[in-house]
Amino acid sequence: MNSTTIISTARALSETFATMRELGINDRRLFDSILRETLAQNPQYLGVWTVWEPNALDGRDRDFANAPGHDRTGRFIPLWNRAGGIHVEPNLGYDVPGFGDWYLVPMQRRAETVMDPYEFSFGGRQEFITSQVAPIFFRGECVGATGVDVALQDLSRPEASGLEETLQRGYIFLAGDGAVKYWSTRTRDLLARFIGCRLEQELPASIAGHVARLRRIGDPAELPPLRRGQAVLRLKFARHPQGRGFLITLEEAGAPSPEESLTPREREVLEWLGQGKANAEIGIILGISVHTVKRHVERVLAKLGTENRYAAALVGLRHDA
């Protein structure tokens with residue numbers, strides 16, 4: 001996923017939980033209450049969750065085996081969701097390659113990730129969703145992840161306005177005959193920028209031709225990417241698993257990330273922030289004044305879109321991984 005100055009809910013939760021862990025706050029009820037309130041305040045989300053590595057939160061997994069929001073391992077894995085009213089259930093399959101990629105892939109990448117659409121069960125009901133997932137870091141180690149789930153069928157609802165921008169993706173829903181059922185104005189404008197002409201209610205002929213072929217095959221596939229200068233628009237085609245037509249996912253790549261906009265000196269400062277160094281220590285290491293270090297730190301925070309040096313240090317750790 002492309003970096004963005006928008007602070008996603010998943011990343012905000014991740015940074016909040018990392019700070020709590022750093023401060024020694026490990027009451028699972030408090031973490032649960034934050035997740036539940038986040039879901040309650042964001043009607044565009046189907047689920048809000050966290051998964052922690054074994055004993056990474058409080059070292060007491062054995063005491064919580066089979067408690068609400070836990071499985072037999074006792075790992076802290078609550079999934080707060082709206083299936084039948086706001087409630088909690090344990091996440092399932094988080095350690096199974098393939099099925100649990102929504103957790104395993106962001107953990108392996110050590111980076112915030114938007115997952116390709118997939119099916120997941122909420123309260124026994126299968127939903128076609130996407131997830132935005134952010135790893136949790138503690139003392140340089142990836143100890144878990146937080147995530148928000150969005151039902152793709154909900155993207156057309158008014159309360160989901162702006163969600164595609166936060167996800168940094170566009171979505172086009174197609175009927176069984178390939179006609180456009182729904183695309184947001186933002187998605188249509190994004191595609192139009194790469195096509196070079198205004199779009200109304202139909203796919204451009206070049207894309208419609210590929211879609212016609214893929215509809216017959218039915219397997220997920222990538223369409224030929226579109227290019228505009230250094231930017232690239234990647235398009236992925238998939239059949240709706242519940243027989244509701246087809247889906248095209250659009251993701252723009254090629255724009256420089258905030259980390260890439262840092263100067264070499266700012267990168268050095270960020271590296272030492274990731275090591276927990278104070279301004280005075282960084283000044284001694286780099287041979288510059290504390291005042292100069294402070295200016296560099298201010299610029300780093302502004303470019304990364306973070307509010308404090310601790311959050312910037314987490315970005316630095318992810319960047320170096």
Side-chain angles (χ1 to χ4, degrees), residues 1 3-23 25-53 56-58 64 67-70 75-92 94 102-103 106-107 111-115 118 120-123 125 127 129-138 142-155 157-169 305-308 310-311 314-315 318:
M1 190 192 82
S3 299
T4 172
T5 55
I6 299 173
I7 302 297
S8 73
T9 301
R11 194 191 319 167
L13 285 169
S14 167
E15 293 176 355
T16 297
F17 286 179
T19 300
M20 292 169 66
R21 183 67 182 86
E22 188 72 37
L23 295 174
I25 301 172
N26 53 24
D27 186 337
R28 300 189 183 202
R29 294 171 300 179
L30 180 56
F31 285 76
D32 260 331
S33 67
I34 293 173
L35 293 172
R36 188 187 189 285
E37 184 62 21
T38 299
L39 181 62
Q41 295 298 321
N42 290 276
Q44 69 272 33
Y45 298 148
L46 177 61
V48 178
W49 53 269
T50 188
V51 171
W52 287 68
E53 290 290 278
L57 178 57
D58 54 13
F64 291 91
H70 302 72
R75 286 173 64 172
F76 190 48
I77 54 171
L79 165 60
W80 285 91
N81 65 86
R82 300 181 183 279
I86 292 180
H87 74 289
V88 66
E89 57 187 272
N91 269 298
L92 302 174
Y94 52 85
W102 48 269
Y103 175 66
M107 291 289 285
E112 185 178 349
T113 304
V114 176
M115 302 303 299
Y118 64 101
F120 196 82
S121 176
F122 293 83
R125 176 181 173 181
E127 296 280 358
I129 68 171
T130 184
S131 300
Q132 188 171 51
V133 186
I136 304 168
F137 292 90
F138 176 63
C142 196
V143 297
T146 58
V148 297
D149 300 328
V150 177
L152 291 179
Q153 65 187 29
D154 291 340
L155 286 175
R157 297 181 178 179
E159 58 266 28
S161 176
L163 192 55
E164 289 183 4
E165 183 177 3
T166 303
L167 293 173
Q168 290 288 286
R169 288 190 176 185
T306 53
E307 297 181 356
N308 54 60
Y310 182 79
L314 290 178
V315 173
R318 290 195 292 267

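Nothing fancy with the numbering, it's 1 onward along the sequence.
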### Task
Work out which heavy atom in Cys142 is nearest to a heavy atom in Met107; give both atom names and the distance.
SG-SD, 3.4 Å

### Task
Please report the closest heavy-atom contact between Ser8 and Gln132, naming both atoms and the distance.
CB-OE1, 3.0 Å

### Task
Enter the distance from Trp52:CH2 to Phe138:CZ here, rounded to the nearest 0.5 Å.
8.5 Å

### Query
Does Thr19 use its side chain to pair, donor to acceptor, with the backbone of Glu15 at less than 3.5 Å?
yes

### Query
Looking only at heavy atoms, which two atoms of Asn81 and Phe122 are closest? And how far apart?
CB-CD2, 3.6 Å

### Message
Please enumerate all residues that pass side-chain hydrogen bond (donor to acceptor under 3.5 Å, both in side chains) together with Glu127, with sequence neighbours excluded.
### Response
Arg125

### Task
Please determine, by modelled atom types, if Tyr118 and Ser131 share a side-chain donor-acceptor pair under 3.5 angstrom.
yes

### Message
Rounded at 0.5 Å granularity, tell me how far CZ in Arg75 sits from OG1 in Thr50.
### Response
10.5 Å

### Task
Give a yes or no answer on whether the side chain of Arg82 reaches the backbone of Leu46 with a donor-acceptor pair at less than 3.5 Å.
no

### Task
Report yes if the side chains of Val48 and Asn42 come closer than 4.5 Å at any heavy-atom pair, otherwise no.
no

### Query
If you look only at pairs with a residue in residues 28-37, which of them pass as a salt bridge (Lys or Arg N to Asp or Glu O under 4.0 Å), with sequence neighbours excluded?
Asp27-Arg29, Arg28-Asp58, Arg28-Asp61

### Query
Is a side-chain donor or acceptor of Arg21 paired with a backbone partner of Leu57 at a separation under 3.5 angstrom?
yes

### Phe137 side chain reached by Val143 side chain, heavy atoms, under 4.5 Å
no

### Query
Roughly how far apart are Asp154 CG and Tyr45 OH, rounded to 0.5 Å?
13.0 Å

### Query
Of all heavy-atom pairs between Thr9 and Thr38, which one has the smallest distance, and what is that distance?
CG2-CG2, 3.6 Å

### Query
Mind checking whether Tyr103 and Tyr94 have parallel, tilted or perpendicular rings, split at 30° and 60°?
perpendicular

### Query
Does the side-chain contact (heavy atoms from CB on, under 4.5 Å) test come out yes or no for Val114 and Arg169, once each step is laid out?
CA-CA 9 Å; Val114 176; Arg169 288 190 176 185; 3.8 Å; yes

### Query
Run the ring pair (Phe, Tyr, Trp, His ring centres under 6.0 Å) check on Phe17 and Phe31 step by step: do they pass?
CA-CA 8 Å; Phe17 286 179; Phe31 285 76; 4.7 Å; yes

### Query
With Trp80, which residues qualify under ring-ring contact (aromatic ring centres under 6.0 Å, His included), at least two apart?
none

### Task
Kindly determine whether Val133 and Trp49 satisfy side-chain contact (heavy atoms from CB on, under 4.5 Å), including the steps that lead there.
CA-CA 9 Å; Val133 186; Trp49 53 269; 3.7 Å; yes

### Query
Which atom pair, heavy atoms only, marks the closest approach of Ala111 to Thr113?
O-OG1, 3.0 Å

#### Entry: Evaluation steps, side-chain contact (heavy atoms from CB on, under 4.5 Å), between Phe120 and Asn91
CA-CA 10 Å; Phe120 196 82; Asn91 269 298; 3.9 Å; yes

### Message
Once rounded to the nearest 0.5 Å, what's the spacing between atom CG of Leu39 and atom CG of Asp149?
### Response
9.5 Å

### Message
So does Met115 get a backbone contact from the side chain of Thr130, meaning a donor-acceptor N/O pair under 3.5 Å?
### Response
yes

### Task
Search all heavy atoms of Val88 against all heavy atoms of Pro78 and return the closest pair with its distance.
CG2-CB, 3.7 Å

### Message
Any non-hydrogen side-chain atom of Phe64 less than 4.5 Å from a side-chain atom of Ile77?
### Response
no

